[in-house]
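By convention in this document, chain letters (A, B, ...) are assigned in the order of the sequence lines, proteins followed by strands, and residues within each chain are numbered from 1.
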2 protein chains.
Amino acid sequence: MNSRNSYHHGDLRRALLDEAALLLREEGEQGLSMRRLAARAGVSRTAPYHHFKDKQDLLCAIAEEGFRRFVGVLTLDGRELSRDRLARFIRDYLQFAIENTEYYDLMFGSHLWKSSHITGTLQKEAHGAFRFYLDQARGWLGQDFVNPDLDPLRYAQVTWSTLHGLSRLLIDGIYLESGAMDPVCEQAASMFWRELTAQPA
Amino acid sequence: MNSRNSYHHGDLRRALLDEAALLLREEGEQGLSMRRLAARAGVSRTAPYHHFKDKQDLLCAIAEEGFRRFVGVLTLDGRELSRDRLARFIRDYLQFAIENTEYYDLMFGSHLWKSSHITGTLQKEAHGAFRFYLDQARGWLGQDFVNPDLDPLRYAQVTWSTLHGLSRLLIDGIYLESGAMDPVCEQAASMFWRELTAQPA
DNA sequence: AGATGTATTTTGACAGTGTCAAGATACCTT
DNA sequence: AAGGTATCTTGACACTGTCAAAATACATCT
């Protein structure tokens with residue numbers, strides 16, 4: 001719908017999205033201002049406002065792209081369940097978060113979610129990502145070694161919280177350093193797997 | 001050292017800290033500006049700069065106060081370990097995070113941690129909070145029903161991540177709504193307890 | 001081809017921000 | 001009473017997001 005609009009610039013919208021992500025990665029959130037972004041793209045200060053209603057709108061669009069990449073990474077391969085498969089998923093999640101901080105910060109940042117100026121399309125994309133995970137958890141429930149008493153929704157919510165918490169603490173370097181990723185992933189995998197395969201009381 | 005300095009205002013530093021927290025709670029992060037804060041306290045725009053070097057410095061001081069309250073809440077009662085005690089700890093953590101968002105956002109927010117302008121005293125306070133939790137986990141390891149193969153550091157890191165992740169998702173309303181807190185707490189408690197009391201292989 | 005309309009970009013402006021440098025004020029100590 | 005120091009104010013600067021109005025370039029239709 002809006003992908004080929006190349007009047008004066010070429011494809012300004014695309015250029016803005018890329019340059020913005022680059023700017024975020026290089027200098028962090030405070031390094032990205034609409035005016036600097038415009039300058040980098042070689043246009044005037046208010047040119048971006050014809051492609052994005054707001055700064056928030058721009059950020060939402062970047063976050064959306066983040067979610068698309070995210071789902072692409074996490075949907076890697078088949079559906080067979082095993083402890084190794086689970087451990088790999090955990091590592092993939094954390095690796096994405098660490099290597100794509102610019103995106104992850106926006107995707108799950110307070111800025112966009114709290115402000116209620118959040119785009120509907122972003123909310124859909126975000127919801128789809130969780131839905132994908134939840135459906136996978138539901139699928140596991142058929143297996144005979146999986147605890148039939150497990151509520152897949154609660155399980156998905158809590159395990160996702162663990163992954164998100166680990167990502168945040170790793171990214172911000174709070175109680176975890178990225179050097180210790182392997183043993184931490186192992187510990188998380190242990191807990192995820194134990195809860196999944198517990199015997200019903 | 002700097003608590004009784006009441007020359008012109010009374011105790012401006014104290015007033016600024018309180019007013020800032022109030023402002024954050026009422027209007028969120030974007031509602032707090034140094035100039036508005038000064039205006040609310042009835043002083044000139046640059047008066048706060050004689051009590052806090054930076055805006056960051058101010059935020060760090062608020063976060064510090066948050067940690068002190070936090071530790072006060074979490075250190076509630078005795079040290080006897082039980083599933084109920086664990087579940088209560090989880091609820092207390094989440095409740096603090098939800099009811100004191102102004103503080104929690106700063107205490108574990110990217111803003112302060114990423115910028116490397118973070119105060120040494122804040123880092124100490126934050127480290128102390130985790131250390132307290134870790135020591136508790138280490139203490140549990142003596143009990144006979146606790147898995148002796150468990151690495152208390154990894155366990156503390158991953159469970160804290162879960163708590164932090166739950167808090168963030170709850171606060172920002174991402175995949176969790178605060179209405180569903182009880183079952184989510186239960187699920188988390190189940191996982192924490194199961195890992196803690198697992199039989200060694 | 002030329003006219004019309006629409007999408008895109010620019011210029012100018014406004015209110016707001018964090019923070020620095022100089023000056024003014026009030027308090028404490030001697 | 002004098003001097004020094006901690007506190008506060010005023011003025012200024014370079015930024016920021018974003019609106020309104022004007023200018024430009026393109027697509028389309030006659």
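- Taken to the nearest 0.5 Å, the CZ atom of B/Arg138 stands 12.0 Å off from the CG atom of B/Leu150.
- Distance CG (B/Leu16) to P (C/dG18): 13 Å, rounded to an integer number of Å.
- The CZ atom of A/Phe52 sits 19 Å away from the C1' atom of D/dC19 (whole-angstrom rounding).
- For A/His51 and C/dA7, the shortest distance from a side-chain N or O to OP1 or OP2 is not below 4.0 Å.
- Taking the six-membered ring wherever Trp is involved, the centroid distance between the rings of B/Phe70 and B/Tyr93 falls below 6.0 Å.
- The side chain of A/Thr46 lies closest to D/dT18 when the candidates are C/dT9, C/dT19, D/dT18.
- The interatomic distance linking B/Gln56 (CD) with C/dT17 (P) rounds to 18 Å, in whole Å.
- Evaluation of the salt bridge (charged side-chain N to carboxylate O under 4.0 Å, His left out) test over residues 101-111 of chain A, restricted to residues two or more places apart or in two chains, returns A/Arg25-A/Glu102, A/Asp105-A/Arg168, A/Asp105-B/Lys114.
- Rounded to the nearest 0.5 Å, atoms CD (B/Gln30) and CG (B/Leu23) are 11.0 Å apart.
- Atom-to-atom, NZ of B/Lys55 to P of D/dT16 comes out at 15 Å; the value is rounded to the nearest Å.
- Near-neighbour residues of DNA chain C inside residues 27-36 of chain B, defined by a heavy atom below 4.0 Å, number-ordered: B/Ser33, B/Met34, B/Arg35, B/Arg36.
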request  = Check the pair A/Tyr175, B/Tyr133 against ring-ring contact (aromatic ring centres under 6.0 Å, His included), reporting the backbone distance first and the verdict last.
outcome  = CA-CA 12 Å; A/Tyr175 296 140; B/Tyr133 183 59; 9.3 Å; no
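- Residue A/His50 places no side-chain N or O under 4.0 Å from the OP1 or OP2 atom of C/dT10.
- Nearest to the side chain of A/Asp54, among C/dT9, D/dC8, D/dT18, sits D/dT18.
- The side chain of A/Arg45 places an N or O atom within less than 4.0 Å of a non-bridging phosphate oxygen (OP1 or OP2) of C/dT11.
- Residue A/Leu196 holds its CG atom at 9.0 Å from CE of B/Met191, rounded to the nearest 0.5 Å.
- The interatomic distance linking B/Tyr49 (OH) with C/dA21 (C1') rounds to 14 Å, in whole Å.
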